[in-house]
Amino acid sequence: MALIVQKFGGSSVADAASIARVAKRVTETKTAGNEVVVVVSAMGDTTDELLDLAAAISDSPPNREMDILLTAGERISMALLAIAIHELGTDAQAFTGQQAGVITDTSHGNARIIDVSPSRIQRVLEGGAVAIVAGFQGVTQHTNDVTTLGRGGSDTTAVALAAALGADVCEIYTDVDGLFTADPRIVPAARRIGRITTEETLELAANGAKVLHLRAVEYARRYGVPIHVRSSFSLNEGTLVTDVDPEEGPMENPIISGVAHDSSQGKVTVVGVPDVPGKAAQLFEAVAAAGVNIDMIVQNVSEQETGRTDISFTLPTDQSKAAKEALEATAAELGYQSLSYDEGVGKLSLVGAGMRSHPGVSARLFGALRDAGINIEMISTSEIRISVVTRSEDLESAVRAVHTAFGLDADEVEAVVYGGTGR
Ligand code: ASP
Ligand code: MG
């Protein structure tokens, strides 16, 4: 008998028929002799609809009230799923994040889990029933205020519960058959990844791959929870995210695991910054003070005659206003000549733990982009990742070219996108 946590995303519980289908899947897992805890997201696009409703009422709704509002979405699906499981003759009880013992800090809208005490869930399992838990939510330690964990946070709820319960596996059900070597919507020849390390998954998720929530992977890595990503629409094998193979021990790494892309970034260029010590510190202190999360940075070689240089950096487009304001406010101190902002950029990232020990990966990447006629505007690397910034209109063809160049294309189409509106 295993203890399995199963998480179903919004597209898997989008309507009554989907909820009934999920109930069947849960019941089958239970009757196969397992203990089952289920974490659900809000139905379909419910969270977005609730956000739209609030936006129609107020430009700046209080964060605490937004959290109360948004957690309602997951409460609806948890109750409906419990009812659907009852319909199939299996005992199930639904719990809010608070009832399930998910304790968070107080940052409404993006709270971090600080403790999980699932005694109530354990009692339900001991009693032989299925426990259903509302994802994406918790409660603050001292004030008992309801919090949410940030968009896509139900994955994190599932992994955190799996860790606290000592579950054998955390199954994340979504609308694709697992993690792929690239987004199948862009690269039809993308291959399903059978097994991947948490380190590579973190790099993929941090660089635009949307299947798993970044914080869920961080949590899984820290607590050693194996994640099994699968489709709720098929019985296909999916992807196992783990650092230790159940049969063979520590995993051997392929050179390249996949190609991620991100078109949600923009590029700020500060032109003519005096090339003297301390300017970069001053510039990025100003940007950091505005709460902006910068990603890549490039500083040009300074021109000898002028003693000035250009500094460019990328950031999420929704933080560009804050960055521009911060830089304008410190223009006199910084002494730069002008400021420009470019939304038309895209980022491609090649990820693979094996690139640590294999030379020539960047050369092959740049060669593939050259052959496709694509210009590279910025480059950054980590031990297991190379990222490049291109024009946004080139991004998709860049991803396809690189995918092909690294021999990742499958012979037959493997990827099926089953559900979701992609909203
Ligand atoms: N319902 C929340 C969202 O849409 C949480 C989740 O789906 O994981 O972001
Ligand atoms: Mg959702």
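When reading the values below, keep in mind they use all heavy atoms of this one structure, side chains included, and skip hydrogens, waters and symmetry mates. We number each residue from 1, following the sequence as shown. Counting starts at 1 for both ligands and their atoms, following the listed order. Since this is a predicted model, take the numbers as computed values, not measurements.
- In terms of the salt bridge (charged side-chain N to carboxylate O under 4.0 Å, His left out) criterion, Lys210 has no residue partners (sequence neighbours excluded).
- Tyr219 does not carry Arg112 over the face of its six-membered ring by the limits of under 6.0 Å from the centre and within 45° of the normal.
- Proximity annotation for atom 9 (O) of ligand 1: of Lys7, Arg151, Glu74, Arg151 comes nearest, heavy atoms only.
- Geometrically, ligand 1 and Phe136 share no nitrogen or oxygen pair separated by less than 3.5 Å.
- Using a 4.0 Å heavy-atom cutoff, Gly135 is absent from the residues neighbouring ligand 1.
- Here Phe233 and Tyr173 keep their ring centres 6.0 angstrom or further from each other.
- Ligand 1 has at least one atom lying under 4.0 Å from a heavy atom of Gly153.
- Within the cation-pi definition used here (under 6.0 Å to the ring centroid, within 45° of the axis), Arg364 qualifies as a partner of Phe406.
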